[in-house]
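Atoms considered below: every heavy atom in the structure, side chains included; atoms not considered: hydrogens, waters and symmetry mates. Keep in mind that what you see is a predicted model, and the values were worked out from it rather than measured.
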Amino acid sequence: MCSDPITTRDTDGKLLTFACRVCNECISARKNDWVVRAMAEKATSGETIALELTYRNDGEGVAPDAAKAFKYNDVAAFLKRLRQEYYRTYDARGEIRFICAGERGSQKGRVHWHMVIFADRPFSHLAKWSDFAFKPLKGPEFSELGRKAKMLHWSIWDHGHVVVKRPDQGGMQYVLKYALKDQFNVVKSKGTMRESKSENHGASKFNMSKQPPIGFRFLERLCDRWQEKGVVPPALNIKVPEYSGFWYPKGKLREYLLTRLWAINEERKERYGRDCPQWSTLLASLESVEKDWEALVYGPEEEEAEAFNVELWRRELATQQDARAKHYRQSEIRRNCGGVRVCRLCWRGKSPDARKRFQGWYAQQVQEYITDEQSFDGTLDQWFRQKGVLNPHCIPAEIEQIAARESAR
């Protein structure tokens, strides 16, 4: 519980109390919330690994710019390569999730990245692993907490070493403590016991998967089981596998949980004419939390109910996955063709009429390029590729067009 809560009044004069978010209790609560969410996400994943990504010096012993300032593009490129390997292996997308905390070391000031990666299927065997001396390995070797780290190489991270830690509660705590390092600066630590050890400025960067939020799938499956049995828990403290304490969901995840519990009880009342077992116990546990109690008794407002429409979220996710798959197919085509000029293989198979159609289309592209030449500094091919479309006269693109017409029928 917050040791220095902030109290204010809303426009109606109602007294409101908020956590300060900077005291030791708030920081500990926030860290523990992310640890238990990570453990919940692990419980619904086929494989989970915790990583530390570092940067090596150049040939002259000078640290690269990315080791001096946070360059999240390197992490994004790393995740992109991992997803590509995953897609080539399983022909599946949207199954990898992550938590990433960038840290600037307090001793040498070097930037490195701490990550937890989750996937529906095993992925640590993808690409190539090697030890410090580049001797090939079959897979990652774990570095135990409190012992000398094993510096490995993973071919999809080409900037330096990779350290792999076990994704248990201790490993999660080690990784996620860096996500909150920005709260240990001098300004936010003033007046606390940690002020003498605080940083002079924020020294971390935090990012994570948001579609769906980390831990959401575990909460969703748990609610599905409760709904199937027609029961509710006696309190909002959830047991997560391999986690020593309880999870007390916060924010939007808590709103989702309350919405699902209310819906489960309403369904039970419609079917049997009475509340779920332990419903009164659950309400009693929330008597001191007026907002939560009202959410269970009166149900969500219309806007909140729409926000937590599970089917709507699933449709949006499917649309995003289709878009990513289409983008990846276009990237595969562009490796050899798809540009403004038809490659020799595509040209060789065209009929005289098809060649005339391409020549007319090509002349039109050249004319548009000449018109845009004053505002675009680049070649004709660069101009066409920045449009983000494929040459419709390439054979692979024609096949995609035929497939799209067939699926629309």
Side-chain angles (χ1 to χ4, degrees), residues 37-38 41-56 64 66-67 70-103 111-131 134 136-143 149-167 171-172 174-176 178-179 205-217 317 320-332 334-335:
R37 284 178 63 181
E41 190 67 30
K42 176 187 174 183
T44 61
S45 302
E47 185 178 25
T48 302
I49 58 175
L51 298 171
E52 183 178 326
L53 308 176
T54 68
Y55 291 94
R56 72 171 70 89
F70 294 109
K71 186 180 177 184
Y72 184 74
N73 286 345
D74 290 342
V75 176
F78 164 78
L79 288 169
K80 181 179 180 180
R81 287 192 287 270
L82 177 59
R83 289 181 174 120
Q84 288 175 341
E85 291 285 346
Y86 192 92
Y87 178 81
R88 293 188 186 103
T89 303
Y90 298 115
D91 193 24
R93 289 194 174 278
E95 294 186 354
I96 293 178
R97 299 161 300 283
F98 71 95
I99 302 174
C100 176
E103 183 212 2
V111 168
H112 52 281
W113 300 92
H114 300 269
M115 296 188 70
V116 184
I117 305 177
F118 315 87
D120 291 359
R121 317 178 205 205
F123 65 93
S124 63
H125 66 285
L126 301 178
K128 297 179 180 179
W129 287 90
S130 57
D131 64 10
F134 291 95
L137 299 172
K138 293 182 179 180
E141 295 181 349
F142 293 106
S143 293
K150 295 181 180 180
M151 309 295 281
L152 309 179
H153 299 276
W154 198 7
S155 58
I156 57 177
W157 176 259
D158 54 4
H159 300 286
H161 296 103
V162 176
V163 178
V164 185
K165 293 181 172 60
R166 296 189 186 280
M172 297 293 193
Y174 178 84
V175 171
L176 293 171
Y178 297 101
K205 182 177 178 63
F206 192 34
N207 202 4
M208 76 296 294
S209 299
K210 300 180 178 68
Q211 293 291 341
I214 299 296
F216 174 82
R217 300 197 316 166
L317 183 61
Q320 293 172 3
Q321 290 174 342
D322 289 344
R324 284 195 294 266
K326 180 179 179 181
H327 174 75
Y328 184 76
R329 288 195 301 271
Q330 291 189 351
S331 299
E332 290 290 298
R334 283 191 181 281
R335 290 183 179 182

Please assess F98 against I214 for the test side-chain contact (heavy atoms from CB on, under 4.5 Å), listing each intermediate value before the final yes or no. CA-CA 8 Å; F98 71 95; I214 299 296; over 6 Å; no

Taking it one step at a time, do L79 and M115 satisfy side-chain contact (heavy atoms from CB on, under 4.5 Å)? CA-CA 11 Å; L79 288 169; M115 296 188 70; 3.8 Å; yes

Let me see the working for S45 and R97 under side-chain contact (heavy atoms from CB on, under 4.5 Å), right down to the final yes or no. CA-CA 9 Å; S45 302; R97 299 161 300 283; 3.3 Å; yes

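Taking both residues in full, the closest heavy atoms of G102 and W113 are given as CA-CE3, 3.3 Å, listed atom of the first, atom of the second, then distance. What you find for T48 and K42 is that their closest heavy atoms are OG1-CG, 3.5 Å. Closest non-hydrogen pair, M172 versus A38, comes out as SD-CB, 3.8 Å. The nearest pair of heavy atoms linking L137 to S130 is CD1-C, 3.7 Å. The shortest heavy-atom contact between G215 and E41 is N-OE1, 2.7 Å.
Proximity of a side-chain donor or acceptor of W157 to a complementary backbone N or O of T54 within less than 3.5 Å is detected. Judged by distance alone, the side chain of S143 and the main-chain N or O of A149 form no donor-acceptor pair under 3.5 Å.
Side-chain contact check for T44 versus F118: every heavy-atom pair is 4.5 Å or farther apart. F78 has its side chain out of reach of V162: every pair of non-hydrogen atoms, C-beta onward, lies at least 4.5 Å apart. You'll find the side chain of R121 stays beyond 4.5 Å of the side chain of F123, heavy atoms only.
With values rounded to the nearest 0.5 angstrom, E103 atom CD is found 3.5 Å from H112 atom NE2. The structure places CG of L126 at 10.5 Å from CZ of R88, a figure rounded to the nearest 0.5 Å. The line from CZ of R56 to CE of M151 is 10.5 Å long, rounded to the nearest 0.5 Å. Distance CZ/R37 to CZ/F216: 11.5 Å, rounded to 0.5 Å. Atoms CG and CG, on L152 and D131 in that order, are 7.5 Å from each other to the nearest 0.5 Å. Put simply, CD on E95 and CG on D120 are 4.0 Å apart, with the number rounded to the nearest 0.5 Å.
In this structure D74 satisfies the side chain to side chain donor-acceptor pair (under 3.5 Å) test together with Y55, sequence neighbours excluded. With sequence neighbours excluded, the residues that form a side chain to side chain donor-acceptor pair (under 3.5 Å) with D91 are Y87. Residues satisfying the side chain to side chain donor-acceptor pair (under 3.5 Å) criterion with R166, sequence neighbours excluded, are E144. Applying the side chain to side chain donor-acceptor pair (under 3.5 Å) rule to S124 yields the partners E47; only residues at least two apart in sequence or on another chain are considered. Scored by the ring pair (Phe, Tyr, Trp, His ring centres under 6.0 Å) test, Y86 finds Y90 as partners (sequence neighbours excluded). Partners of W129 under the ring pair (Phe, Tyr, Trp, His ring centres under 6.0 Å) rule, at least two apart in sequence or in another chain, are W154.
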